[in-house]
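Structure record follows, encoded as structure tokens.
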Amino acid sequence: MDKLVINGGKQLEGTISVSGSKNATLPIAVAASILGDGSSVIHNVPDLRDVETLCAVLEVLGAGTKFKDSTLHIAPRNEIAFEAPYDLVRKMRASIYVLGPLLARLGRAKVSFPGGCAIGPRPIDLHIKGLEHLGAKIEIKEGYIIAQADRLIGTEIDLSGIHGPSVGATANVMMGATLARGTTTIRNAAREPHVSDLANFLNAMGADIDGIGTSVLKIHGVKQLRGTEYSIVPDDIETGTFMVAAAITGGDVFVKNAVPENLEAVSEKLTETGVQLNWTDDGVRVRIRGELRAIDLRTEPFPGFPTDMQAQMMGLLSVIPGISVITEAVHTDRFMHVAELNRMGADIRVRGHSATVHGVSKLSGAPIMVSDLRAGAVLVLAGMAAAGQTVVSRVYHIDRGYERIEKKLTGIGADIVRVVD
Ligand code: UD1
């Protein structure tokens, strides 16, 4: 198991490039493999463990996949299997994305029920509700979701849950509805950039989706989708992580490929702390001038502040004088990173769904263990800001969602070495 050894205290300077979005790539690869007649070529695909795991799932279901130099070639085979077994789904929750497409294409699907994960319980009631509204008969049996429908039929569906709209349910239902008979209207659809990227990809395959980027999606069913060529949107969460990296090290960094409209909430909060942002055509310059201020923030579905940036922002706030309060309203138990940050000298107290961050003047390096992807990101950020050495273990969590993180950060002045055990 790899470790990252970080010698902190280096100010980051230079240009760092953002890769394609992980969360867009996953459903897009599923759509290309199951819904499309003919091959697809997908560019700007990040080289990540999650993409590799998903390709293994798609190979078992019946698609040939080839990944080279950020381009993923997907060639669906004639026979598509309808079952995604536990052994595959347990490795990655996003395998649930095959449910809607399999139903739409084959009229049946058997997908292992995904479990919870380190960031808390992850129900799929909205996925099931949505597909049932489209006419599927669904039962849960022996750990599997077994779904059947001769042909999905367009209808009106409200996909809001107790924590707001669901990214996964919106994607699953939208993919299913592309081949349904008639028009499907999804109200309270998730609006995250990766949902819009999926919708744009589906339209490139021949789907007919209106309202992209809004909370009402209208999907006019078509008979057939074809393979296509497409380029994945830059990853908003990787962008935000690098913006915080610049801020937490007191650096001056140009984050290339940053897309401003996908980062409004993050930019707003960073600006509120006093971080200077200068947007240009192809990215954003992030630098610090003067003292930063404590702020409060609350995670919300897009266009609100993303839960996937909560940990990283907490890292930054932990070294800003004053008291900041962070409320996690999406994945309400997502505070596993707090204990590790406190081991590095932070002063953060969690009560219910909120964390109160008392800013300290300095973090200190420590051996730390990553519990999940974004918790991993903040520990790398904290390690870069800390005095002394931080050794991060269980790096595989970080490799799920960040492409060669140590290589990219070393390129702008960080001192990070990967040690292979
Ligand atoms: C996706 C992202 C994840 C991000 C999350 C929220 C991918 C692969 N993952 O996860 O990185 O943290 O969006 O932006 O894109 N919920 C229900 N019932 C459901 C589905 C969800 O109650 O059927 C709840 C969840 O427990 C959570 C909230 O809705 O509280 C949002 O979850 P959702 O948007 O579905 O997250 P994912 O699609 O799993």
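Every number for a ligand or one of its atoms is a count from 1 in the order of the listing. All residue numbers refer to positions in the sequence shown, counting from 1.
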For I124, counting its heavy atoms only, list the atoms of ligand 1 lying under 4.0 Å from any of them.
19 (C), 23 (O)
Taking the six-membered ring of F82 as reference, does the cationic atom of R108 (NZ for Lys, CZ for Arg) lie under 6.0 Å from its centre and within 45° of its axis?
yes
Need the ligand 1 atom indices (1-based, order shown) with element for anything under 4.0 Å from a heavy-atom of V330.
27 (C), 30 (O), 31 (C)
Who's closest to atom 19 (C) of ligand 1 heavy-atom-wise, of P123, A171, S166?
P123
Which ligand 1 atoms are under 4.0 Å away from a heavy-atom of Y97?
15 (O)
Is there a nitrogen or oxygen of A169 sitting under 3.5 Å from a nitrogen or oxygen of ligand 1?
no
Are H337 and Q310 linked by a side-chain donor-acceptor pair shorter than 3.5 Å?
yes
Could you tell me whether K137 and E139 make a salt bridge, using a distance below 4.0 angstrom between a side-chain N and a carboxylate O?
no
For H331 and T307, which I'm curious about, is there any donor-acceptor pair between the side chains at under 3.5 Å?
no
If you take the nearest heavy atom of each of D308, N23, L373, which one is closest to atom 7 (C) of ligand 1?
N23
Under a 4.0 Å threshold between the charged nitrogen and the carboxylate oxygen, would R418 count as salt-bridged to E406?
yes
Can D50 and K91 be counted as an ion pair, charged N to O under 4.0 angstrom?
no
Residues Y402 and R49: side-chain donor-acceptor under 3.5 angstrom:
no
Can you figure out which of R334, M92, H331, H127 has its heavy atom closest to atom 32 (O) of ligand 1?
H331
Which atoms of ligand 1 are found less than 4.0 Å from any heavy atom of H163?
28 (C), 30 (O)
Note: ligand 1 atoms sitting under 4.0 Å from heavy atoms of T307 are 6 (C), 12 (O), 14 (O)
With backbone taken as N, CA, C and O and side chain as the heavy atoms from C-beta onward, which portion of T332 lies under 4.0 Å from ligand 1: side chain, backbone, both, or neither?
neither
Side chains of S19 and K408, donor plus acceptor under 3.5 Å
yes
Is there a nitrogen or oxygen of R93 sitting under 3.5 Å from a nitrogen or oxygen of ligand 1?
no
Side chains of T183 and H220: donor-acceptor distance under 3.5 Å anywhere?
yes
Kindly confirm or rule out an N or O of G164 lying under 3.5 angstrom from an N or O of ligand 1.
no
Which atoms from ligand 1 have a heavy atom of G168 less than 4.0 Å away?
35 (O), 38 (O)
